[in-house]
*Asks:* 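Okay, here's the structure, questions in a sec.
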Amino acid sequence: MSVRRLAEDAVQPAEFRFSRDNASWAKATIKKYPKGRQQSAVIPLLMRAQEQDGWVTRAAIEHVADMLKMPYIRALEVATFYTQFQLKPVGTKAHVQVCGTTPCMLRGSEDLIRICREKINAEPFETNDAGTLSWEEVECQGACVNAPMVMIFKDAYEDLTAEQLADIIDRFEAGEGDSVTPGPQNGRHLSAPAGGLTTLTEEDAPAPASVAKAAPAAPGEPGEGTQPAAMEEPEEKDDLKMLSGVGSKIETLLHSIGIYKFEQIAGWKEEERAWVDGFLKFKGRIEREEWVKQADALARGGVEEYVRVFGKKPR
Ligand code: FES
């Protein structure tokens, strides 16, 4: 059990404020709880504060406590108990959480930690010289069947070798972390057997009616949805890399299907998002990263509007 304390005063900002968009999200979130139970919103609010500023500051904890009308000590207890809250500044481009619990350790997590020490900092929770990268060892992340694995922000990278982690860290440092597809890095589908199927291998075997009915295509599988309308390559293309999840590779893929403008993406309906998600093998990332909302803001008012809506600059 680690001792978790707030960062020293020297790095604590004097005040915290939610961006306008986050403030209205927080209000709506608090309203979801039954009367008298609003303090239960402390975890989502602290998490949103962390997403906004990169870590949980003392000022943020006190601000959230004030919003929920709870004593500071209660909010402080939550922030210091749960290890998903970062109590001091972490890398601005990536904070690598390496699972070191038994299944991951047996499958090579010590090599992953060695890479973090070599490439980032010898000590956990310390950033590299540029302040862009940091790492820590965490307990089981619930992906043991794909061990060893790391989390970077909300994404898991699994079935990792030391060399692959080194490459992933380099890509995040280069600002191209979004070009790495989360999930297994050894080519297998989710947690399917690494050596291929050993059962249910006969394609012609009829599935029981109940099973066939209950097994629609998983979201994001290729073939699902409708391909969005393409446009001729314009003279002036939008910089699609401003959307989170889009690096140069993904941008090239989007161009290959005739997507060049934010306004195109802003207009995608559910079936079009599903098709592109499958095409990019994104496993739901288009929804998670709110591409439509991001593209809509950028199409309507550029970076200024994006900052107004999301409380931060686009990539
Ligand atoms: S032991 Fe690493 S994810 Fe469970």
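Keep in mind it's a predicted model, so treat the numbers as computed, not measured. When a ligand or atom number is given, it counts from 1 through the structure's own listing order.
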*Asks:* Under 6.0 Å between ring centres, would you say that holds for W291 and F282?
*Replies:* yes
*Asks:* For K312, does the NZ atom have more than 12 heavy-atom neighbours from other residues, nucleotides or ligands under 6.0 Å away?
*Replies:*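 Result for NZ/K312: open.
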*Asks:* Does the separation of the ring centres of Y260 and H255 fall below 6.0 angstrom?
*Replies:*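 That pair passes the under 6.0 Å test.
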*Asks:* Give the atom numbers and elements of ligand 1 that come within less than 4.0 Å of a heavy atom of T101.
*Replies:*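 Atoms satisfying the 4.0 Å criterion: 1 (S).
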*Asks:* Looking at E271, I'd like to know if its CD atom is crowded, meaning that more than 12 non-hydrogen atoms belonging to other residues, nucleotides or ligands lie closer than 6.0 Å.
*Replies:* yes
*Asks:* Would you mind running through ligand 1 and noting each atom that sits below 4.0 Å from a heavy atom of A143?
*Replies:* 3 (S)
*Asks:* Determine whether the side chain, the backbone, both or neither of C104 has a heavy atom under 4.0 Å from any heavy atom of ligand 1.
*Replies:* both
*Asks:* Does K293 make a cation-pi contact with F310 (under 6.0 Å, within 45 degrees of the axis)?
*Replies:* yes
*Asks:* Under 4.0 Å from any heavy atom of C99, which atoms of ligand 1 are there?
*Replies:* 1 (S), 2 (Fe), 3 (S)
*Asks:* As an exercise, identify every atom of ligand 1 less than 4.0 angstrom from a heavy atom of P103.
*Replies:*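 Once the distances to P103 are compared, the set is 1 (S).
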